[in-house]
2 protein chains.
Amino acid sequence: MRTASDAVGQESSATHRAYLALRRMIVVGELQPGEKLKIDRLRTLLDTGASPVREALSLLTSDLLVERLDQRGFRAAETSRENFVEILTLRCELEEMALRQSIANADEAWEDALVLSHHKMVREGRGDLEAFEERHKAFHMALLSNCHSPILMKFCSQLYDLNIRYRYLAGKALDYQKRDVSTEHAAILEAAVDHDADLASERLLNHYRQTGAFLNGLFSNPGSQDV
Amino acid sequence: MRTASDAVGQESSATHRAYLALRRMIVVGELQPGEKLKIDRLRTLLDTGASPVREALSLLTSDLLVERLDQRGFRAAETSRENFVEILTLRCELEEMALRQSIANADEAWEDALVLSHHKMVREGRGDLEAFEERHKAFHMALLSNCHSPILMKFCSQLYDLNIRYRYLAGKALDYQKRDVSTEHAAILEAAVDHDADLASERLLNHYRQTGAFLNGLFSNPGSQDV
DNA sequence: TGATGCCATAATATCGAGTTTATCGACCAT
DNA sequence: ATGGTCGATAAACTCGATATTATGGCATCA
């Protein structure tokens with residue numbers, strides 16, 4: 001019983017919709033770390049069947065956003081400082097690798113797409129946080145997208161999602177309001193279009209490490225968020 | 001209707017069994033690259049229901065061993081020289097990273113486990129090829145296992161499986177019969193227990209690159225296998 | 001004769017029910 | 001009183017069936 005009107009979403013499949021919805025809910029923290037994910041509750045929440053939910057949870061398990069317990073169902077992945085540090089470290093390693101390859105393969109089409117994604121991110125502004133985060137990820141992925149290594153891209157994308165989850169958990173991307181990340185983004189973009197791999201890598205990694213150090217501090221006194 | 005006797009397999013779940021079985025079949029080539037994976041056929045083949053098969057295929061999609069077609073089901077992942085080169089490159093990068101961290105964290109327990117896994121691999125011999133490959137993977141993973149980075153381990157494990165698939169496809173691990181890989185393994189082990197990260201990395205990467213160059217040659221004239 | 005639209009077939013994707021398994025509280029034995 | 005076992009409840013897991021969607025052949029029309 002599906003009307004022709006919602007055929008516009010070219011990705012029409014209950015499983016895929018459930019996957020996107022659940023991933024979003026986990027990333028932004030609507031589903032808390034360690035929270036039990038009961039099929040029946042999610043089934044009613046997403047208004048779909050049990051099969052799509054199970055399949056989506058299986059996929060999220062491979063993304064490390066969901067953990068599968070022996071025969072006891074699923075739960076949202078736990079968080080920990082060790083996990084956070086691991087993600088940050090791997091992200092720095094893999095993204096530097098991808099960025100350098102991207103720059104080595106630089107061509108006009110890539111640079112155009114890169115500038116465009118940066119522009120879209122700037123234009124979006126901070127009005128809608130989730131929309132901005134979408135653009136933000138698009139920009140960072142665009143930096144790497146010319147590495148011609150789909151597997152590496154997949155890894156970077158996964159690590160990005162794992163990381164952004166910590167940002168949300170720390171309190172609605174608090175860091176953005178204190179630091180001037182716009183300047184950092186512009187600087188990274190500039191170095192990339194100049195094909196300066198060393199400078200671009202250095203700026204990208206500093207970008208991550210500053211955010212990382214900030215978030216890492218929150219593990220000690222998580223009550224310091226006052227807005 | 002399950003007897004108590006087959007409770008010995010502590011991982012008793014139709015989904016997990018289907019996952020292992022299908023992964024094995026794809027890796028060793030019983031399911032060819034690009035082959036359509038019809039649910040019904042696999043269902044009868046594995047003697048299980050459709051749900052476990054679907055869930056297993058979903059998981060394998062995240063392992064990059066299965067591709068999901070829009071709304072047209074699943075197929076075994078395609079192979080290509082580009083894909084092979086990418087896997088080899090990433091493997092070298094990530095495993096060197098993991099190996100160096102492993103050695104940096106070296107302790108007795110790790111060295112013991114490492115020596116043991118090497119011994120088991122040697123003892124297994126080439127009688128049962130699949131059993132040997134099992135030990136072989138265990139040895140290589142043991143080298144990396146002390147890096148204290150579960151995500152990195154997961155990536156390396158995935159890449160290992162993707163790579164070994166090409167070995168099987170090239171013709172039943174032909175390379176092992178021509179080169180003296182035993183000596184190479186022993187040399188890697190020696191450098192690792194000596195905590196010589198540079199030497200161990202160099203030997204490990206040479207190990208991979210030699211195998212890689214050999215397999216890469218098979219893409220040009222795949223008919224050269226004569227046994 | 002070639003191309004196009006339609007219909008039959010087959011396979012997928014989804015749903016709802018039944019079965020197996022874990023959890024938790026109560027009860028009994030020590 | 002404490003430890004262990006048993007039984008009721010709830011949940012996950014699995015199965016069979018239905019509905020939806022793609023595919024390939026056939027008829028029709030230009």
Side-chain angles (χ1 to χ4, degrees), chain A residues 1-23 25-26 31-32 34-62 65-78, chain B residues 1-23 25-26 31-32 34-62 65-78:
Chain A
M1 186 76 66
R2 190 180 299 161
T3 70
S5 60
D6 51 6
V8 287
Q10 56 261 44
E11 274 292 7
S12 58
S13 113
T15 295
H16 195 247
R17 281 196 303 275
Y19 171 76
L20 292 179
L22 289 174
R23 188 176 69 169
M25 285 199 285
I26 293 173
L31 295 173
Q32 294 273 321
E35 180 177 345
K36 185 80 197 299
L37 302 178
K38 296 183 192 172
I39 307 279
D40 216 50
R41 179 171 155 251
L42 299 178
R43 201 195 67 73
T44 54
L45 204 73
L46 302 181
D47 189 40
T48 183
S51 304
V53 171
R54 284 191 63 80
E55 215 165 306
L57 289 173
S58 289
L59 289 169
L60 288 167
T61 297
S62 295
L65 284 170
V66 165
E67 293 169 357
R68 180 167 219 153
L69 289 77
D70 212 33
Q71 324 257 9
R72 284 175 281 171
F74 304 87
R75 69 186 340 156
E78 292 284 0
Chain B
M1 188 74 70
R2 189 180 299 161
T3 69
S5 60
D6 52 6
V8 286
Q10 56 262 40
E11 273 293 4
S12 58
S13 116
T15 295
H16 195 250
R17 281 197 303 275
Y19 171 75
L20 292 178
L22 288 174
R23 187 175 70 169
M25 285 199 284
I26 293 172
L31 295 172
Q32 295 271 322
E35 179 176 345
K36 187 77 196 303
L37 301 178
K38 297 181 192 172
I39 307 276
D40 216 49
R41 178 170 157 254
L42 299 178
R43 202 196 66 73
T44 55
L45 206 72
L46 303 181
D47 189 39
T48 182
S51 305
V53 171
R54 283 192 62 81
E55 214 166 305
L57 289 173
S58 288
L59 290 169
L60 288 167
T61 297
S62 294
L65 284 169
V66 165
E67 292 169 357
R68 180 166 217 155
L69 288 76
D70 212 35
Q71 321 258 7
R72 285 176 281 171
F74 303 86
R75 68 187 338 155
E78 293 283 2

Using whole Å, what does the distance between atom [atom2] of nucleotide [N] and atom [atom1] of [X] come to?
| X | N | atom1 | atom2 | answer |
| --- | --- | --- | --- | --- |
| B/F74 | C/dA11 | CZ | C1' | 12 Å |
| B/R17 | D/dC15 | CZ | P | 9 Å |
| A/R43 | C/dC15 | CZ | C1' | 9 Å |
| A/L69 | C/dT23 | CG | P | 9 Å |
| B/K38 | C/dA13 | NZ | P | 14 Å |
| A/H16 | D/dT20 | NE2 | P | 22 Å |
| B/R75 | C/dT12 | CZ | C1' | 14 Å |
| A/D40 | C/dA17 | CG | P | 12 Å |

Less than 4.5 Å apart, any side-chain heavy atom of B/M25 and any of B/L37?
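In short, these two side chains do not touch, never coming nearer than 4.5 Å.
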Taking only N and O in the side chain of [X], is any of them less than 4.0 Å away from OP1 or OP2 of [N]?
| X | N | value |
| --- | --- | --- |
| B/T48 | D/dC15 | yes |
| A/T15 | C/dT14 | yes |
| B/R54 | C/dT12 | no |

Can you name the nearest heavy-atom pair linking B/R54 to B/I39, along with the distance?
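Scanning both residues completely, I find the closest heavy atoms to be CG-CD1, 3.7 Å.
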Could you check which of [options] has an atom nearest any side-chain atom of [X]?
| X | options | result |
| --- | --- | --- |
| A/S13 | D/dA12, C/dT14, D/dC13 | C/dT14 |
| A/I39 | D/dA12, D/dT14, C/dA13 | D/dA12 |
| B/Q71 | D/dT14, C/dA22, D/dT21 | D/dT21 |

At 4.0 Å (heavy atoms only), tell me whether A/L57 reaches a base, stays on the sugar-phosphate, or touches nothing.
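No contact.
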Just verifying a value: how many Å separate A/K36 NZ and A/R72 CZ, rounded to the nearest 0.5 Å?
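It is 9.0 Å, given to the nearest 0.5 Å.
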Taking atom CG of B/L57 and atom OG of A/S58, what is their separation to the nearest 0.5 Å?
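Result: 11.0 Å between the selected atoms.
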Identify, between A/E55 and B/K36, the residue whose nearest nucleotide on DNA chain C lies closer to the 5' end.
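Of the two residues, B/K36 wins.
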Report the residue (A/R72 or B/A50) whose heavy-atom-nearest nucleotide on DNA chain D is the more 5′ of the two.
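It is A/R72, whose closest nucleotide lies nearer the 5' terminus.
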Residue from A/L31, A/L59, A/I26, A/L22 passing side-chain contact (heavy atoms from CB on, under 4.5 Å) with A/L65:
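Output: one option passes, namely A/I26.
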